[in-house]
Amino acid sequence: MFKKSKKVSTDSMSVKEKLALDKRPLKYVTERDAETYTERRLGENGAVNIMDGDFVLVCSGKDIMRCDIDKVHVGFLMNLSGMTVKGLDKNSGREMSVIAYFADKF
């Protein structure tokens with residue numbers, strides 16, 4: 001009588017959607033500490049860059065996070081003011097989860 005729909009559940013954008021974020025200006029990027037539940041500002045005045053198959057968050061000329069574009073998980077915040085980015089950072093070698101807030105001028 002009732003059919004269950006087969007929805008594909010994904011917690012990330014497609015590679016095509018990630019590529020559309022290239023050059024998107026960022027106001028600032030934060031990371032939440034899992035132990036203290038406080039947010040730490042990692043950088044400000046930056047942008048999203050797609051380079052050589054990498055999804056890179058850059059602030060003030062410094063790489064904040066660099067991940068393989070096909071392995072990084074990216075999703076918009078509910079209010080669309082930014083995005084969450086989760087993945088293995090190539091620079092530090094650790095799993096990171098950050099929130100990048102978009103600049104108003106884009």
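- Using a 4.5 Å cut-off on side-chain heavy atoms (C-beta onward), L57 and V48 make contact.
- The OG1 atom of T30 sits 8.0 Å away from the CZ atom of R41 when rounded to the nearest 0.5 Å.
- Residues R66 and D89 have side chains in contact (heavy-atom distance under 4.5 Å, counting atoms from C-beta outward).
- Scanning both residues, E44 and S60, for their nearest heavy atoms gives O-OG, 3.1 Å.
- Side-chain contact between N49 and D22: present, with at least one pair of heavy atoms (C-beta onward) separated by less than 4.5 Å.
- When atom types are taken as modelled, the side chain of D54 and the backbone of V56 share no donor-acceptor pair closer than 3.5 angstrom.
- Atom-to-atom distance recorded for N91:CG and K62:NZ is 10.0 Å, nearest 0.5 angstrom.
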Begin from the C-alpha positions of V29 and Y101 and carry the test side-chain contact (heavy atoms from CB on, under 4.5 Å) through to its verdict.
-> CA-CA 6 Å; V29 178; Y101 294 92; over 6 Å; no

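- Looking at heavy atoms from C-beta onward, K16 lies in side-chain contact with S14 at the 4.5 angstrom threshold.
- Scanning all heavy atoms of the two residues, the minimum distance from C67 to V72 falls at CB-CB, 3.8 Å.
- Within the model, atoms NZ of K18 and CG of D70 stand 7.0 Å from one another, a figure rounded to the nearest 0.5 Å.
- Distance check: L42 CG to I99 CD1 gives 10.5 Å after rounding to the nearest 0.5 Å.
- There is a path of hydrophobic side-chain contacts, each under 4.5 Å, that joins L26 to F76.
- Atom CG of D33 is surrounded by more than 12 heavy atoms from other residues, nucleotides or ligands within 6.0 Å.
- Looking at M83 and F102, their side chains come closer than 4.5 Å, going by heavy atoms from C-beta outward.
- Between K90 and D68, at least one side-chain N (NZ, or NE/NH1/NH2) sits under 4.0 Å from a carboxylate O, which counts as a salt bridge.
- Here OH of Y28 is found 12.0 Å from CG of N45. Values are rounded to the nearest 0.5 Å.
- Rounding to the nearest 0.5 Å gives a distance of 12.5 Å between SG of C59 and CE of M65.
- Clustering ILVMFWY residues whenever any of their side-chain heavy atoms sit less than 4.5 angstrom apart, transitively, puts L77 in a cluster other than the one holding V74.
- Residues S97 and E31 come closest through the heavy atom pair O-CG, 3.6 Å.
- The shortest side-chain heavy-atom distance between V85 and M96 does not fall under the 4.5 Å cut-off.
- Residues M13 and L21 approach most closely at SD-CD1, 3.9 Å, considering heavy atoms.
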